[in-house]
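Take a look at the structure set out below.
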Amino acid sequence: VQLQASGGGLVQAGGSLRLSCAASGRTFRSGNMGWFRQAPGKEREFVGGIDGWNSRTYYADSVKGRFTISRDNAKTTMYLQMNSLKPEDTAVYYCAARDRRIVTSAMDRADQYEHWGQGTQVTVSS
């Protein structure tokens, strides 16, 4: 299984970007997929995730209302639509997946995910 994240770039504050995470080798029909990010000198943090079982989405408070996660019908590609970007959103963004469902209370834990993409850089200028 490989996850390929793409779509990062440089954008001004207030702008938008759309990240993609393409899974090859399998789908995650009943598993979870998620986005994490890591800024320089900081720990990796949960951005949001999607429950493979019921397609519900969950977000960190810092991005709620600005970011939206979606997935294609084949459940092989996940998207992260980022609007109203702020300089503090600057980070390397990683997509992650797990073959089986993750309990809701643990969706924000990086150690729950088995597969990781290589990361894509998002830079928001002020």
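It should be emphasised that the depicted structure is a prediction, and the values quoted were computed from it without experimental measurement.
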Could you list all the disulfide bond (SG atoms under 2.5 Å apart) pairs where at least one residue sits in [range], not counting sequence neighbours?
{"range": "residues 41-83", "result": "none"}
{"range": "residues 96-126", "result": "none"}
{"range": "residues 11-114", "result": "C21-C95"}

Partners passing side chain to side chain donor-acceptor pair (under 3.5 Å) against D61 (at least two apart in sequence or in another chain):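 Checked D61 against side chain to side chain donor-acceptor pair (under 3.5 Å); matches are K64.
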Cluster overlap [X] with [Y], hydrophobic side-chain contacts below 4.5 Å:
{"X": "L85", "Y": "I69", "value": "yes"}
{"X": "M33", "Y": "V92", "value": "no"}
{"X": "I50", "Y": "Y94", "value": "no"}

Pick out which of V63, T68, V122, V124 makes a side-chain contact (heavy atoms from CB on, under 4.5 Å) with M82.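 Testing each of V63, T68, V122, V124 against M82, the sole residue satisfying side-chain contact (heavy atoms from CB on, under 4.5 Å) is V122.
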I need the [X] [atom1] to [Y] [atom2] distance, nearest 0.5 Å.
{"X": "S55", "Y": "R71", "atom1": "OG", "atom2": "CZ", "result": "5.0 Å"}
{"X": "R56", "Y": "T104", "atom1": "CZ", "atom2": "OG1", "result": "6.5 Å"}
{"X": "T57", "Y": "W35", "atom1": "OG1", "atom2": "CH2", "result": "14.5 Å"}
{"X": "Q121", "Y": "T90", "atom1": "CD", "atom2": "OG1", "result": "7.5 Å"}
{"X": "R44", "Y": "D111", "atom1": "CZ", "atom2": "CG", "result": "12.0 Å"}
{"X": "R100", "Y": "N32", "atom1": "CZ", "atom2": "CG", "result": "11.0 Å"}

Which pairs, with at least one residue in residues 40-90 and sequence neighbours excluded, count as a ring pair (Phe, Tyr, Trp, His ring centres under 6.0 Å)?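 As it turns out, the ring pair (Phe, Tyr, Trp, His ring centres under 6.0 Å) pairs with a partner in residues 40-90, which skip direct neighbours, are F36-F46.
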Nearest heavy-atom pair of Y113 and G34: which atoms, and what distance?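 Shortest heavy-atom contact: CE2-N, 3.9 Å.
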Minimum heavy-atom separation for E114 to D99, with atom names?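 Heavy atoms of E114 and D99 come nearest at OE1-N, 2.9 Å.
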Show the atom names and distances, to 0.1 Å, of all donor-acceptor pairs under 3.5 Å that link a side chain in residues 2-18 to residues at least two apart or in another chain.
unit_1	atom_1	unit_2	atom_2	d
S16	OG	N83	OD1	2.9

Do the non-hydrogen side-chain atoms of L80 and R37 ever get within less than 4.5 Å of each other?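 Counting from C-beta outward, L80 and R37 never come under 4.5 Å.
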